[in-house]
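The structure appears right after this line, and notes come after that.
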Number of protein chains: 2
Amino acid sequence: MGLTKSEAFTKQQNEVANLAKAVAHPARIAILEHLLKTDVCITGDLVEVLPLAQATVSQHLRELKKAGLIKGDIQGTSVCYCLDKDKWKTFINTFDNLFERIKRVTKCC
Amino acid sequence: MGLTKSEAFTKQQNEVANLAKAVAHPARIAILEHLLKTDVCITGDLVEVLPLAQATVSQHLRELKKAGLIKGDIQGTSVCYCLDKDKWKTFINTFDNLFERIKRVTKCC
DNA sequence: TTCTTTTATCGTAATATTGCATTATACCGA
DNA sequence: TCGGTATAATGCAATATTACGATAAAAGAA
């Protein structure tokens with residue numbers, strides 16, 4: 001079907017999955033890496049760096065914005081993007097928590 | 001198109017994206033959480049816990065196995081699944097590295 | 001106003017993912 | 001060997017994602 005049964009899982013499970021989905025594409029990783037290098041950037045910068053068309057880059061930016069991982073401020077004719085530190089704090093805490101629990105696992109088959 | 005241009009991105013970017021994709025579904029998060037609770041489990045356990053058909057659970061298990069995050073050992077009629085600690089070490093290191101870089105970001109728009 | 005620049009959105013096409021019923025496959029006990 | 005039980009594989013249908021060209025929208029320059 002291609003339709004995830006989100007309602008059948010807990011809110012937290014969906015939240016973790018959605019955050020993971022936001023970074024589950026190399027183009028979006030590349031966008032984040034570019035933002036780490038340059039602090040802020042505009043779509044035009046990314047179109048030059050990424051091997052994708054402008055429309056596709058815009059789409060990936062929208063995905064990241066939808067997940068809340070980046071913010072965009074309109075500045076004249078261009079839009080200035082940057083990481084949303086608050087949302088990332090949530091992201092990092094969520095996964096650190098999962099990682100800690102996994103690190104404590106010892107038994108295996 | 002639905003076809004990710006993987007070859008246009010670096011190996012590392014694809015690796016991070018693929019690891020993220022492996023956990024980008026609430027059912028797979030639920031599977032991992034069940035494994036954290038029980039250390040080991042078989043498909044039958046999961047079918048009872050998850051709101052999904054056996055075939056679907058098996059498919060999600062295969063995704064996790066493909067990503068290397070879990071291992072499966074055949075034990076008689078059933079397959080015993082558990083977390084692959086080594087692969088998780090890689091996963092955690094990869095994301096900890098990203099998280100550290102993000103924590104250091106200060107500038108924003 | 002008109003042109004240019006920049007970004008977003010729409011429409012379309014192709015592939016991927018999700019989910020399930022059904023069908024194999026494998027092992028064990030009688 | 002034959003059923004019973006359990007997992008895996010296959011095939012199908014429906015939705016989601018990815019990508020891009022074309023178009024729209026918004027702001028500044030000429």
Side-chain angles (χ1 to χ4, degrees), chain A residues 1-9 13-14 17-31 34-35 40-67 70-82 109, chain B residues 1-9 13-14 17-31 34-35 40-67 70-82 109:
Chain A
M1 297 186 194
L3 171 57
T4 299
K5 294 174 77 171
S6 316
E7 72 288 351
F9 299 96
Q13 285 165 346
N14 279 296
N18 281 333
L19 284 172
K21 205 191 287 189
V23 297
H25 193 290
R28 296 199 281 276
I29 296 293
I31 289 175
H34 188 75
L35 274 172
V40 295
C41 75
I42 58 170
T43 309
D45 295 346
L46 292 168
V47 173
E48 282 182 37
V49 172
L50 300 182
L52 299 170
Q54 181 269 323
T56 310
V57 172
S58 186
Q59 206 168 14
H60 283 302
L61 284 168
R62 192 170 53 182
E63 287 299 310
L64 286 169
K65 217 173 3 177
K66 200 182 75 184
I70 63 171
K71 287 189 291 190
D73 255 18
I74 297 173
Q75 292 192 348
T77 52
S78 59
V79 173
C80 173
Y81 285 105
C82 67
C109 45
Chain B
M1 296 188 192
L3 172 57
T4 300
K5 294 174 79 171
S6 316
E7 72 288 350
F9 298 98
Q13 286 166 344
N14 278 297
N18 282 333
L19 284 173
K21 204 191 287 187
V23 296
H25 193 289
R28 295 199 282 274
I29 296 294
I31 290 174
H34 187 74
L35 274 173
V40 295
C41 75
I42 57 171
T43 309
D45 296 345
L46 292 168
V47 173
E48 282 182 37
V49 173
L50 300 183
L52 299 170
Q54 179 272 322
T56 311
V57 172
S58 185
Q59 206 168 13
H60 283 303
L61 283 168
R62 197 171 49 183
E63 287 297 311
L64 287 169
K65 215 169 12 174
K66 200 181 74 182
I70 63 171
K71 287 189 290 189
D73 253 19
I74 297 173
Q75 293 192 347
T77 53
S78 58
V79 174
C80 173
Y81 286 105
C82 67
C109 47

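By convention in this document, chain letters (A, B, ...) are assigned in the order of the sequence lines, proteins followed by strands, and residues within each chain are numbered from 1. Values in this document were obtained by computation on a predicted structure and should not be read as measured data. Note that these values count all heavy atoms, side chains included, but never hydrogens, waters or copies made by symmetry.
At a threshold of 4.5 Å between non-hydrogen side-chain atoms, the residues B/K65 and B/K71 do not count as touching.
Atom CG of A/D73 is separated from atom P of D/dA26 by 17 Å (rounded to the nearest Å). When the C1' atom of D/dA8 is taken as reference, atom OH of B/Y81 falls 8 Å away, rounded to whole Å. Whole-Å rounding puts the B/E63 CD to C/dA16 P distance at 12 Å. Spacing between atom CG of A/L3 and atom C1' of D/dA13 amounts to 12 Å, rounded to whole angstrom units. A/Q75 has its CD atom 13 Å from the P atom of C/dA8, to the nearest Å. Regarding B/K5, its NZ atom lies at a distance of 15 Å from the C1' atom of C/dA13, rounded to whole Å. When the P atom of C/dA16 is taken as reference, atom CG of B/N14 falls 14 Å away, rounded to whole Å. As a whole-Å value, the separation of A/E7 CD from D/dT15 P is 14 Å.
Sorted by residue number, the members of residues 49-61 of chain A with any non-hydrogen atom under 4.0 Å from DNA chain C read A/Q54, A/A55, A/S58.
Remark on DNA chain C: of its neighbouring residues A/K65 and A/T4, the 5'-side contact belongs to A/K65, judged by nearest-heavy-atom nucleotide.
Every residue was checked against the disulfide (SG to SG under 2.5 Å) condition with A/C41, not counting sequence neighbours, and none meets it. A/V57 pairs by the side chain to side chain contact (heavy atoms under 4.5 Å, CB included) definition with A/T43, A/L46, A/V47, A/L50, A/L52, A/L61, not counting sequence neighbours. Here B/K66 pairs with B/E63 under the salt bridge (Lys or Arg N to Asp or Glu O under 4.0 Å) rule; sequence neighbours left out. Partners of A/Q13 under the side chain to side chain donor-acceptor pair (under 3.5 Å) rule, at least two apart in sequence or in another chain, are A/T10, B/E33. B/A20 pairs by the side chain to side chain contact (heavy atoms under 4.5 Å, CB included) definition with A/V23, A/A24, B/F95, not counting sequence neighbours.
Between A/R62 and the phosphate of C/dT7, there is no side-chain N or O to OP1/OP2 separation shorter than 4.0 Å. Between B/T43 and D/dA6 there is no side-chain N or O to OP1 or OP2 distance below 4.0 Å. The phosphate of D/dA16 (OP1 or OP2) has no side-chain N or O of A/K21 nearer than 4.0 angstrom.
Closest approach of B/F9 and A/P51 over heavy atoms only: CE2-CD, 3.8 Å.
When heavy atoms are screened at a 4.0 angstrom cut-off, A/T77 is found touching base atoms of the nucleic acid.
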